[in-house]
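Let me begin by presenting the structure, written as structure tokens, before commenting on it.
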Amino acid sequence: MKTDPVLKPPKPVIGQYPVVEQTWLNEAYFKIRILADDIAEKASPGQFVNVRPGQTYDPLLRRPFSIYLADPEEGWIELVIKQVGRGTELLSRLRVGDQIDMLGPLGRGFDIETVETAILAGGGVGLAPLVFLARELSLFPKEIYFFQGFQSKADVCCLEDLAALNIAPVVTTDDGSFGRKGFVTEAVKDFIKDRNVQSGTELFACGPEPMLKEICNIVDFYHLTGQFSLETRMACGIGACMGCAVPAFDGEDYRLVCRDGPVFRNREVLL
Amino acid sequence: MVDLSITLAGLKLKNPVLTASGTFGYAEEYADFVNLSRLGGVVTKSITKEPRAGNPPLRVTEVPGGMLNSIGLANVGVEAFVKDKLPFLRKTRTRVIVNIAGNSVEDYAAVVARLDQEEGIDAYEINLSCPNVKEGGLTFGKNPAEVFRMTQHIRLHTKRPLIVKLTPNVTSIGDLAQAAVDGGADILSAINTVVGMAVDVKTRKPILGKITGGFSGPALKSIALAKVFEVARRVTVPIIGVGGIFSAEDVLEFLLVGAHAVQIGTANFIDPAVSETIVNDLQTLCEDQGIEAVKDLIGRLEIQERAVLFG
């Protein structure tokens, strides 16, 4: 087992934090803003928080969510969550003034130090860590291209937050009901081909596993470098339970999504 | 001030609250959240002779009342444990119990013999309820004769307290307990996880990569209490109760049915500070109940004579 990640993440904290905003973005996605200055101060793009869905033991385990945005000055973080099960349903019922039990920031985020040109590709709720990433990248003179895929028009959200960063994303929908029809990976591939994108460009992605597989293929084919954020089931979030293992690229060992990730580089893990 | 101290076969603990193997890493993972010196002790992840990568994903999933895991004893192996993990554990100012697993009796003995050369280990907990015997294919933790043979062999390699952790996945946990004690176990811990599974009806596939896994969590408590009660009626060695303990009240329940101490498992995943909270709450709970020493509670379950046991 590999035990030491390259970058040591900041010490996480745990506590009860007040919800200061709750917004439904569409039928399935909601955004909550939480006053959590100690988490906001330490958080970097790609990191996550492990949230307890309720105060009873049913549902039992915490749920991991990427940090959508963090404002260290105002001391809040935001999460964009897709309601898929009982845990997220309970979280969707949180209202302003309610407390939320959070542990974070956790994990290894995106490495942006040497990035000059960045292509960001999100699939569905996978856009969550990419908006935070786009904001950090936009603080420096870097070229940013944002691609976001949704299943259909009803899912489309968060575009105004990107607009506020002066980013106009290319949006795709599987059924063509909004933006370009087809998968986001196709749009990314066409862009790379048309613009003759060169090595030195970093491709950042987060989304469902088949999408990430295709992103890895694109990165390899065009000799780019890639970083992608993985989602899996986990229990502790701090590297103790070893439940969130994914196969390492060599297929002989595992990496822990909570501690070695959730952001991995291309050829670090096997998708 | 309530006296929380407990002595297990000569092993003195500040209080009866330990952490369960596999749920507390090598303790350093929890150092940001828990003052480890406040705990009665920590039990490490299972250590094997060679490093183990563990089972294929998915390894954990939530189910009603608890969770399933199929981690597969992922650990750094005994040499890396001694080099990278033990130095931290030595500084924790709490009891350090190393849980040991293996594929054969020789594996277990080799790990114990190696660790016996090191300072800072207070006891061993033998995990007999995981993989298969090299030469048979039977899960040896389920077979009293094997438990006896294994315990007896491991006993030869150490004078440190030996804890044998019992599986509930048998017809008679009492027979296993008796076999472990006959083989030379000083202390027993009960129970390990219960075999369970979960199915995804959309894909018609098992959710866990290894199909079945170990069930743990709140729903395990009632099973564990009954098993500890059964073991306590069978043998006289101290018992460490494990299974679904989330609060100080849960700890008292285990003491009343005959446990001398407890281990906190799955609760650590939900609240990384829970083990210390339970120690603090135990103090208050005992004060409120006018209990002077927690050891006075052990086995003090009040049973009406008419009650039918194991009916």
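Fair warning: this is a prediction, and the values are worked out from it, not measured in the lab. Proteins get letters first, then strands, A, B, ... in listed order; numbering begins at 1 in each.
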Contact leader toward chain A among Pro57(B), Gly66(B), Gly72(B), where contacts are heavy-atom pairs under 4.5 Å: Pro57(B)

Cation-pi check, Arg59(B) onto Tyr254(A) ring (under 6.0 Å, within 45° of axis): yes

Chain B-proximal positions within residues 61-69 of chain A [heavy-atom distance under 4.5 Å]: Leu61(A), Arg62(A), Arg63(A)

Residue, of Thr23(B), Asn69(B), Leu58(B), that accumulates the most heavy atom pairs under 4.5 Å with chain A: Leu58(B)

Per-residue contact mode, Arg52(A) against chain B (heavy atom under 4.5 angstrom): side chain

Glu41(A): partners by side-chain contact (heavy atoms from CB on, under 4.5 Å), with sequence neighbours left out: none

Side-chain donor-acceptor distances from residues 74-86 of chain A under 3.5 Å, at least two apart:
from, atom 1, to, atom 2, distance (Å)
Glu74(A), OE1, Trp76(A), NE1, 2.9
Glu78(A), OE2, Arg33(A), NE, 2.9
Glu78(A), OE2, Arg33(A), NH2, 3.0
Arg86(A), NH2, Asp58(A), OD1, 2.5

Heavy-atom pair count under 4.5 Å with chain B, highest-scoring of Leu103(A), Ile238(A), Val13(A): Ile238(A)

Contact origin within Leu208(B) toward chain A - heavy atom pairs under 4.5 Å: neither

N-O pairing of Arg265(A) and Asp111(A) below 4.0 Å: yes

Between Ser46(B) and Asn99(B), a side-chain donor and acceptor under 3.5 Å: yes

Residue among Pro64(B), Gly22(B), Gly217(B), Pro56(B) with most heavy-atom pairs under 4.5 Å to chain A: Pro56(B)

Region of Phe33(B) that comes under 4.5 Å of a non-hydrogen atom in chain A: side chain

Sequence neighbours excluded, every pair satisfying salt bridge (charged side-chain N to carboxylate O under 4.0 Å, His left out) that has a member inside residues 197-213 of chain B: none

Donor-acceptor contact present, side-chain Asn169(B) to main-chain Thr193(B), <3.5 Å: yes

Centroid-centroid distance, Phe204(A) to Phe110(A), less than 6.0 Å: yes

Asn55(B) portion near chain A, given a 4.5 angstrom heavy-atom threshold: backbone

Residue pair Arg259(A), Glu29(B): steps toward the salt bridge (Lys or Arg N to Asp or Glu O under 4.0 Å) verdict: CA-CA 10 Å; Arg259(A) 185 194 62 196; Glu29(B) 293 89 340; 5.4 Å; no

Glu118(B)/Arg90(B) salt bridge by N-O under 4.0 Å criterion: yes

Chain A contact via Thr266(B) - which portion, at a heavy-atom distance below 4.5 Å: side chain

